[in-house]
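Notes follow once the structure below has been shown.
Chain letters run A, B, ... following the sequence lines, proteins first, then strands; residues in each count from 1.
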Number of protein chains: 2
Amino acid sequence: MDKNLSWYKKLFEKNGYKFTAQKRIILLEIINANTHLSVNEIYDKIRQKNIGLATVYRSLKLFNELDIIKQINIDTVSYYEMKIFSGKPLNIHFKCSKCDSIIDIDNKDLNLEYIKLNKKVEEENNLDVYDVNIMLIGVCSKCKEDK
Amino acid sequence: MDKNLSWYKKLFEKNGYKFTAQKRIILLEIINANTHLSVNEIYDKIRQKNIGLATVYRSLKLFNELDIIKQINIDTVSYYEMKIFSGKPLNIHFKCSKCDSIIDIDNKDLNLEYIKLNKKVEEENNLDVYDVNIMLIGVCSKCKEDK
DNA sequence: CTTGATGCAAAGGATTTGCACAAAT
DNA sequence: ATTTGTGCAAATCCTTTGCATCAAG
(Lines give C-alpha, C1' and ligand atoms only; values in the text may rest on other atoms or scores of the structure.)
Protein backbone atom coordinates (compact mmCIF):
# COMPACT_ATOMS: atom_id res chain seq x y z
CA MET A 1 0.00 0.00 0.00
CA ASP A 2 1.47 3.31 -0.93
CA LYS A 3 1.96 6.27 1.34
CA ASN A 4 -1.12 8.12 0.22
CA LEU A 5 -3.49 5.26 0.86
CA SER A 6 -2.11 4.68 4.32
CA TRP A 7 -2.73 8.34 4.97
CA TYR A 8 -6.39 7.80 4.12
CA LYS A 9 -6.49 4.63 6.23
CA LYS A 10 -5.27 6.61 9.22
CA LEU A 11 -7.77 9.36 8.58
CA PHE A 12 -10.62 6.86 8.52
CA GLU A 13 -9.50 5.09 11.67
CA LYS A 14 -8.90 8.31 13.53
CA ASN A 15 -12.58 9.05 12.93
CA GLY A 16 -13.81 5.61 13.91
CA TYR A 17 -14.31 4.14 10.45
CA LYS A 18 -12.75 1.08 8.90
CA PHE A 19 -10.74 1.25 5.73
CA THR A 20 -12.41 -1.67 3.99
CA ALA A 21 -11.61 -3.20 0.63
CA GLN A 22 -14.73 -1.61 -0.85
CA LYS A 23 -13.85 1.88 0.30
CA ARG A 24 -10.34 1.39 -1.00
CA ILE A 25 -11.59 0.37 -4.45
CA ILE A 26 -14.04 3.26 -4.65
CA LEU A 27 -11.49 5.80 -3.46
CA LEU A 28 -8.92 4.57 -5.97
CA GLU A 29 -11.37 5.01 -8.82
CA ILE A 30 -11.90 8.62 -7.88
CA ILE A 31 -8.20 9.27 -7.44
CA ASN A 32 -7.32 7.70 -10.76
CA ALA A 33 -10.12 9.35 -12.69
CA ASN A 34 -8.56 12.75 -12.14
CA THR A 35 -11.87 14.36 -13.03
CA HIS A 36 -15.43 14.43 -11.75
CA LEU A 37 -17.40 11.17 -11.78
CA SER A 38 -21.09 10.50 -11.31
CA VAL A 39 -22.30 7.75 -9.00
CA ASN A 40 -23.20 5.63 -12.00
CA GLU A 41 -19.82 6.08 -13.58
CA ILE A 42 -18.18 4.90 -10.39
CA TYR A 43 -20.62 2.03 -10.00
CA ASP A 44 -20.09 0.85 -13.57
CA LYS A 45 -16.34 0.65 -13.03
CA ILE A 46 -16.61 -1.54 -9.95
CA ARG A 47 -19.85 -3.48 -10.32
CA GLN A 48 -17.97 -6.60 -11.44
CA LYS A 49 -16.29 -6.58 -8.04
CA ASN A 50 -19.57 -7.36 -6.27
CA ILE A 51 -19.98 -4.04 -4.58
CA GLY A 52 -23.52 -2.78 -4.05
CA LEU A 53 -24.81 0.60 -5.15
CA ALA A 54 -25.69 1.45 -1.57
CA THR A 55 -22.08 0.96 -0.58
CA VAL A 56 -21.01 3.43 -3.23
CA TYR A 57 -23.46 5.99 -1.88
CA ARG A 58 -22.41 5.33 1.70
CA SER A 59 -18.73 5.60 0.87
CA LEU A 60 -19.18 8.84 -1.03
CA LYS A 61 -21.13 10.28 1.85
CA LEU A 62 -18.34 9.36 4.22
CA PHE A 63 -15.59 10.71 1.96
CA ASN A 64 -17.52 13.94 1.76
CA GLU A 65 -17.84 14.09 5.52
CA LEU A 66 -14.11 13.58 5.93
CA ASP A 67 -13.60 16.29 3.35
CA ILE A 68 -11.50 14.25 0.96
CA ILE A 69 -13.85 14.56 -1.99
CA LYS A 70 -15.93 17.39 -3.32
CA GLN A 71 -19.46 17.10 -4.59
CA ILE A 72 -20.55 19.10 -7.63
CA ASN A 73 -24.18 19.25 -8.63
CA ILE A 74 -24.96 19.89 -12.24
CA ASP A 75 -28.62 19.86 -13.25
CA THR A 76 -29.63 17.55 -10.42
CA VAL A 77 -26.84 15.08 -11.23
CA SER A 78 -24.10 14.82 -8.63
CA TYR A 79 -20.46 14.41 -9.50
CA TYR A 80 -17.55 13.69 -7.21
CA GLU A 81 -13.86 14.47 -7.41
CA MET A 82 -10.88 14.56 -5.10
CA LYS A 83 -10.12 17.66 -3.12
CA ILE A 84 -6.53 18.33 -3.93
CA PHE A 85 -4.79 21.00 -1.99
CA SER A 86 -1.49 21.64 -3.65
CA GLY A 87 -1.63 23.82 -6.71
CA LYS A 88 -5.28 23.17 -7.34
CA PRO A 89 -7.21 25.23 -4.87
CA LEU A 90 -10.45 25.02 -6.75
CA ASN A 91 -12.00 23.66 -9.86
CA ILE A 92 -14.02 25.57 -12.35
CA HIS A 93 -16.46 23.59 -14.44
CA PHE A 94 -17.89 24.54 -17.78
CA LYS A 95 -21.02 23.02 -19.21
CA CYS A 96 -21.85 23.20 -22.89
CA SER A 97 -25.55 23.71 -23.26
CA LYS A 98 -25.54 22.17 -26.74
CA CYS A 99 -23.68 18.89 -26.26
CA ASP A 100 -24.01 18.75 -22.45
CA SER A 101 -20.34 17.93 -22.04
CA ILE A 102 -18.63 19.14 -18.90
CA ILE A 103 -15.12 20.52 -19.14
CA ASP A 104 -12.75 21.04 -16.22
CA ILE A 105 -11.08 24.42 -16.35
CA ASP A 106 -7.88 24.58 -14.43
CA ASN A 107 -5.59 27.54 -14.52
CA LYS A 108 -3.54 28.74 -11.59
CA ASP A 109 -3.76 32.43 -12.45
CA LEU A 110 -7.50 32.27 -12.74
CA ASN A 111 -7.78 30.38 -9.52
CA LEU A 112 -5.73 33.01 -7.75
CA GLU A 113 -7.93 35.78 -9.08
CA TYR A 114 -11.05 33.98 -8.00
CA ILE A 115 -9.56 33.57 -4.55
CA LYS A 116 -8.94 37.30 -4.33
CA LEU A 117 -12.56 37.91 -5.17
CA ASN A 118 -13.64 35.46 -2.51
CA LYS A 119 -11.63 37.39 0.05
CA LYS A 120 -13.55 40.49 -0.93
CA VAL A 121 -16.86 38.71 -0.48
CA GLU A 122 -15.73 37.48 2.92
CA GLU A 123 -14.83 40.96 4.08
CA GLU A 124 -17.87 42.73 2.73
CA ASN A 125 -20.33 40.23 4.15
CA ASN A 126 -18.58 39.09 7.30
CA LEU A 127 -18.42 35.46 6.29
CA ASP A 128 -15.85 32.69 6.35
CA VAL A 129 -15.59 31.19 2.89
CA TYR A 130 -13.78 27.91 2.64
CA ASP A 131 -15.00 26.46 -0.60
CA VAL A 132 -16.24 27.69 -3.95
CA ASN A 133 -18.09 26.09 -6.80
CA ILE A 134 -17.97 27.89 -10.09
CA MET A 135 -20.04 26.66 -12.95
CA LEU A 136 -19.89 28.36 -16.32
CA ILE A 137 -22.54 27.68 -18.93
CA GLY A 138 -22.18 28.33 -22.63
CA VAL A 139 -21.07 26.81 -25.91
CA CYS A 140 -17.87 24.79 -26.19
CA SER A 141 -15.32 25.17 -28.97
CA LYS A 142 -16.53 22.07 -30.82
CA CYS A 143 -20.15 23.21 -30.87
CA LYS A 144 -19.07 26.69 -31.92
CA GLU A 145 -17.56 25.14 -35.08
CA ASP A 146 -20.30 22.84 -36.27
CA LYS A 147 -23.26 25.07 -36.69
CA MET B 1 -52.65 43.73 -15.69
CA ASP B 2 -49.49 45.74 -15.49
CA LYS B 3 -47.02 46.35 -18.26
CA ASN B 4 -44.59 43.71 -17.17
CA LEU B 5 -47.13 40.94 -17.06
CA SER B 6 -48.43 41.75 -20.51
CA TRP B 7 -44.86 41.52 -21.69
CA TYR B 8 -44.72 37.96 -20.38
CA LYS B 9 -48.11 37.19 -21.88
CA LYS B 10 -46.82 38.24 -25.28
CA LEU B 11 -43.66 36.21 -24.83
CA PHE B 12 -45.70 33.09 -24.05
CA GLU B 13 -48.08 33.56 -26.94
CA LYS B 14 -45.31 34.30 -29.39
CA ASN B 15 -43.96 30.87 -28.51
CA GLY B 16 -47.29 29.09 -28.78
CA TYR B 17 -48.14 28.87 -25.08
CA LYS B 18 -51.11 30.22 -23.22
CA PHE B 19 -50.77 32.65 -20.36
CA THR B 20 -53.08 30.86 -17.97
CA ALA B 21 -54.18 31.90 -14.50
CA GLN B 22 -51.94 29.22 -13.00
CA LYS B 23 -48.83 30.37 -14.81
CA ARG B 24 -49.62 33.94 -13.84
CA ILE B 25 -49.89 33.04 -10.15
CA ILE B 26 -46.69 31.03 -10.17
CA LEU B 27 -44.77 33.69 -12.04
CA LEU B 28 -45.94 36.40 -9.66
CA GLU B 29 -44.73 34.42 -6.67
CA ILE B 30 -41.25 34.22 -8.16
CA ILE B 31 -41.23 37.89 -9.10
CA ASN B 32 -42.40 39.00 -5.66
CA ALA B 33 -40.07 36.70 -3.75
CA ASN B 34 -37.07 38.59 -5.03
CA THR B 35 -34.88 35.66 -4.07
CA HIS B 36 -34.49 32.01 -4.97
CA LEU B 37 -37.38 29.66 -4.17
CA SER B 38 -37.56 25.89 -4.11
CA VAL B 39 -40.42 24.04 -5.78
CA ASN B 40 -41.91 23.29 -2.38
CA GLU B 41 -41.70 26.88 -1.27
CA ILE B 42 -43.61 27.92 -4.37
CA TYR B 43 -46.11 25.11 -4.01
CA ASP B 44 -46.79 25.94 -0.36
CA LYS B 45 -47.60 29.52 -1.26
CA ILE B 46 -50.18 28.56 -3.88
CA ARG B 47 -51.56 25.18 -2.84
CA GLN B 48 -54.69 26.79 -1.41
CA LYS B 49 -55.47 27.98 -4.93
CA ASN B 50 -56.02 24.44 -6.14
CA ILE B 51 -52.97 24.23 -8.35
CA GLY B 52 -51.29 20.86 -8.71
CA LEU B 53 -47.63 20.20 -8.05
CA ALA B 54 -47.24 18.94 -11.62
CA THR B 55 -48.38 22.31 -12.89
CA VAL B 56 -45.70 24.01 -10.84
CA TYR B 57 -43.05 21.75 -12.32
CA ARG B 58 -44.41 22.22 -15.83
CA SER B 59 -44.54 25.99 -15.47
CA LEU B 60 -41.02 26.20 -14.09
CA LYS B 61 -39.77 24.08 -16.96
CA LEU B 62 -41.45 26.40 -19.42
CA PHE B 63 -40.18 29.58 -17.74
CA ASN B 64 -36.70 28.12 -17.86
CA GLU B 65 -37.08 27.32 -21.55
CA LEU B 66 -38.19 30.87 -22.26
CA ASP B 67 -35.21 32.05 -20.25
CA ILE B 68 -37.14 34.17 -17.79
CA ILE B 69 -36.03 32.29 -14.70
CA LYS B 70 -32.76 30.76 -13.66
CA GLN B 71 -32.34 27.42 -11.96
CA ILE B 72 -29.79 27.01 -9.18
CA ASN B 73 -28.95 23.61 -7.81
CA ILE B 74 -27.68 23.42 -4.28
CA ASP B 75 -27.04 19.97 -2.83
CA THR B 76 -29.53 18.26 -5.11
CA VAL B 77 -32.25 20.81 -4.29
CA SER B 78 -33.29 23.11 -7.12
CA TYR B 79 -34.11 26.76 -6.60
CA TYR B 80 -35.58 29.23 -9.05
CA GLU B 81 -35.30 32.98 -9.37
CA MET B 82 -36.01 35.62 -11.99
CA LYS B 83 -33.36 36.48 -14.52
CA ILE B 84 -33.02 40.20 -14.21
CA PHE B 85 -30.97 41.97 -16.77
CA SER B 86 -30.47 45.50 -15.57
CA GLY B 87 -27.78 45.99 -13.00
CA LYS B 88 -27.84 42.43 -11.84
CA PRO B 89 -25.89 40.41 -14.34
CA LEU B 90 -25.40 37.48 -12.06
CA ASN B 91 -26.13 36.23 -8.61
CA ILE B 92 -23.66 34.80 -6.19
CA HIS B 93 -25.02 32.45 -3.56
CA PHE B 94 -23.46 31.61 -0.25
CA LYS B 95 -24.37 28.55 1.74
CA CYS B 96 -23.61 28.25 5.43
CA SER B 97 -22.55 24.71 6.16
CA LYS B 98 -23.63 25.01 9.78
CA CYS B 99 -27.17 26.36 9.57
CA ASP B 100 -27.75 25.52 5.88
CA SER B 101 -29.10 28.97 5.16
CA ILE B 102 -28.52 30.37 1.71
CA ILE B 103 -27.63 34.02 1.32
CA ASP B 104 -27.80 36.02 -1.89
CA ILE B 105 -24.71 38.10 -2.44
CA ASP B 106 -25.22 41.01 -4.74
CA ASN B 107 -22.59 43.61 -5.34
CA LYS B 108 -22.04 45.38 -8.63
CA ASP B 109 -18.29 45.71 -8.26
CA LEU B 110 -17.91 42.06 -7.53
CA ASN B 111 -20.12 41.13 -10.41
CA LEU B 112 -18.02 43.22 -12.75
CA GLU B 113 -14.84 41.57 -11.55
CA TYR B 114 -16.32 38.14 -12.02
CA ILE B 115 -17.33 39.08 -15.52
CA LYS B 116 -13.76 40.10 -16.33
CA LEU B 117 -12.59 36.72 -15.16
CA ASN B 118 -15.17 35.02 -17.30
CA LYS B 119 -13.83 36.85 -20.34
CA LYS B 120 -10.42 35.46 -19.54
CA VAL B 121 -11.80 31.94 -19.33
CA GLU B 122 -13.54 32.42 -22.66
CA GLU B 123 -10.38 33.54 -24.38
CA GLU B 124 -8.05 30.96 -22.90
CA ASN B 125 -10.35 28.04 -23.64
CA ASN B 126 -12.07 29.18 -26.82
CA LEU B 127 -15.56 29.04 -25.34
CA ASP B 128 -18.65 31.23 -25.37
CA VAL B 129 -19.75 31.80 -21.78
CA TYR B 130 -23.21 33.23 -21.32
CA ASP B 131 -24.11 32.30 -17.79
CA VAL B 132 -22.32 31.70 -14.51
CA ASN B 133 -23.29 30.09 -11.26
CA ILE B 134 -21.12 30.89 -8.29
CA MET B 135 -21.69 29.11 -5.04
CA LEU B 136 -19.64 29.91 -2.00
CA ILE B 137 -19.61 27.57 0.99
CA GLY B 138 -18.56 28.51 4.48
CA VAL B 139 -19.79 29.85 7.78
CA CYS B 140 -22.19 32.79 7.99
CA SER B 141 -21.80 35.70 10.38
CA LYS B 142 -24.45 34.40 12.78
CA CYS B 143 -22.85 30.98 13.08
CA LYS B 144 -19.44 32.58 13.50
CA GLU B 145 -20.75 34.30 16.63
CA ASP B 146 -22.52 31.50 18.45
CA LYS B 147 -19.85 28.90 18.87
C1' DC C 1 -63.67 22.29 -32.67
C1' DT C 2 -58.95 22.11 -32.18
C1' DT C 3 -54.95 22.67 -29.39
C1' DG C 4 -52.69 23.29 -25.41
C1' DA C 5 -53.15 23.14 -20.07
C1' DT C 6 -54.54 21.18 -15.90
C1' DG C 7 -55.18 17.90 -11.86
C1' DC C 8 -54.67 13.62 -10.39
C1' DA C 9 -52.53 9.38 -9.90
C1' DA C 10 -49.16 6.37 -11.52
C1' DA C 11 -44.49 5.77 -13.07
C1' DG C 12 -39.59 6.73 -12.97
C1' DG C 13 -35.16 7.74 -11.26
C1' DA C 14 -31.95 8.81 -7.65
C1' DT C 15 -30.79 8.20 -2.96
C1' DT C 16 -31.51 6.36 1.71
C1' DT C 17 -32.72 2.95 5.05
C1' DG C 18 -33.80 -1.60 7.55
C1' DC C 19 -32.19 -5.84 8.22
C1' DA C 20 -29.60 -10.09 8.49
C1' DC C 21 -25.14 -11.45 7.77
C1' DA C 22 -19.99 -10.70 7.33
C1' DA C 23 -15.62 -8.62 8.62
C1' DA C 24 -12.50 -6.24 11.50
C1' DT C 25 -10.45 -4.96 15.86
C1' DA D 1 -17.44 -10.01 21.69
C1' DT D 2 -18.52 -5.83 20.03
C1' DT D 3 -18.91 -2.65 16.64
C1' DT D 4 -18.95 -1.13 12.03
C1' DG D 5 -19.68 -2.40 7.14
C1' DT D 6 -21.98 -4.76 3.47
C1' DG D 7 -25.47 -6.45 0.00
C1' DC D 8 -29.94 -6.71 -0.97
C1' DA D 9 -34.55 -5.18 -1.21
C1' DA D 10 -37.85 -2.07 0.26
C1' DA D 11 -38.88 2.59 1.18
C1' DT D 12 -38.57 7.47 0.29
C1' DC D 13 -38.13 11.62 -2.08
C1' DC D 14 -38.21 14.43 -6.16
C1' DT D 15 -39.69 14.89 -10.79
C1' DT D 16 -42.01 13.46 -15.03
C1' DT D 17 -45.71 11.33 -17.64
C1' DG D 18 -50.37 9.42 -19.20
C1' DC D 19 -54.85 10.30 -19.33
C1' DA D 20 -59.40 12.23 -18.96
C1' DT D 21 -61.14 16.62 -18.61
C1' DC D 22 -61.09 21.77 -18.97
C1' DA D 23 -60.35 26.26 -21.11
C1' DA D 24 -59.00 29.44 -24.65
C1' DG D 25 -58.77 31.06 -29.13
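- For C:dT25, neither phosphate oxygen OP1 nor OP2 lies less than 4.0 angstrom from any side-chain nitrogen or oxygen of A:Lys18.
- For the pair B:Phe63 CZ and C:dA5 P, the interatomic distance rounds to 11 Å; values are reported in whole Å.
- Nearest-nucleotide positions on DNA chain D place A:Gln22 closer to the 5' end than the other of A:Gln22 and B:Arg58.
- The existence of a salt bridge linking B:Glu41 and B:Lys45 is excluded, since no basic side-chain nitrogen approaches an acidic carboxylate oxygen closer than 4.0 Å.
- Between C:dG7, C:dT15, D:dT15, one nucleotide has an atom nearer to the side chain of A:Val39 than all others, and that is C:dT15.
- Within the structure, a side-chain polar atom (N or O) of B:Thr55 is placed less than 4.0 Å from OP1 or OP2 of C:dG7.
- No side-chain heavy atom of B:Gln71 sits less than 4.5 Å from a side-chain heavy atom of B:Leu60.
- Mapping A:Lys23 and B:Ser78 onto DNA chain D by nearest heavy atom places A:Lys23 at the nucleotide closer to the 5' end.
- Counting only N and O atoms by type, the side chains of A:Glu65 and A:Tyr17 include a donor and acceptor under 3.5 Å apart.
- Counting heavy atoms from C-beta outward, A:Ile72 and A:Ser78 have side chains that stay 4.5 Å or more apart.
- Distances from the side chain of B:Ala54 to the nucleotides C:dT16, C:dC8, D:dG7 place C:dC8 closest.
- C:dA23 atom P lies 12 Å from atom CG of A:Asn50, rounded to whole Å.
- Contact between the side-chain N/O atoms of B:Thr20 and the OP1/OP2 oxygens of C:dT6 is found at a separation under 4.0 Å.
- Following rounding to the nearest Å, B:Tyr43 (OH) and D:dT15 (P) show an atom-to-atom distance of 14 Å.
- The nucleotide whose nearest atom lies closest to any side-chain atom of B:Lys61 is, among C:dG4, D:dT16, D:dG25, D:dT16.
- In this structure, B:Leu53 places its CG atom 9 Å from C1' of D:dT15, rounding to the nearest Å.
- Counting to the nearest Å, the C1' atom of C:dT15 and the CG atom of A:Asn73 are 13 Å from each other.
- Of the candidate nucleotides D:dT15, C:dT15, C:dC8, D:dT15 has the atom lying nearest to any side-chain atom of B:Tyr57.
- Checked against the 6.0 Å centroid criterion, the rings of A:Phe12 and A:Phe63 qualify as a close aromatic pair.
- Remark: C1' of D:dT4 and CD of A:Glu65 are 14 Å apart, rounded to the nearest angstrom.
- Atoms CD1 (A:Ile26) and P (D:dG7) sit 8 Å apart, rounded to a whole Å.
- At whole-Å resolution of the value, CD in A:Glu13 and P in D:dT4 are 13 Å apart.
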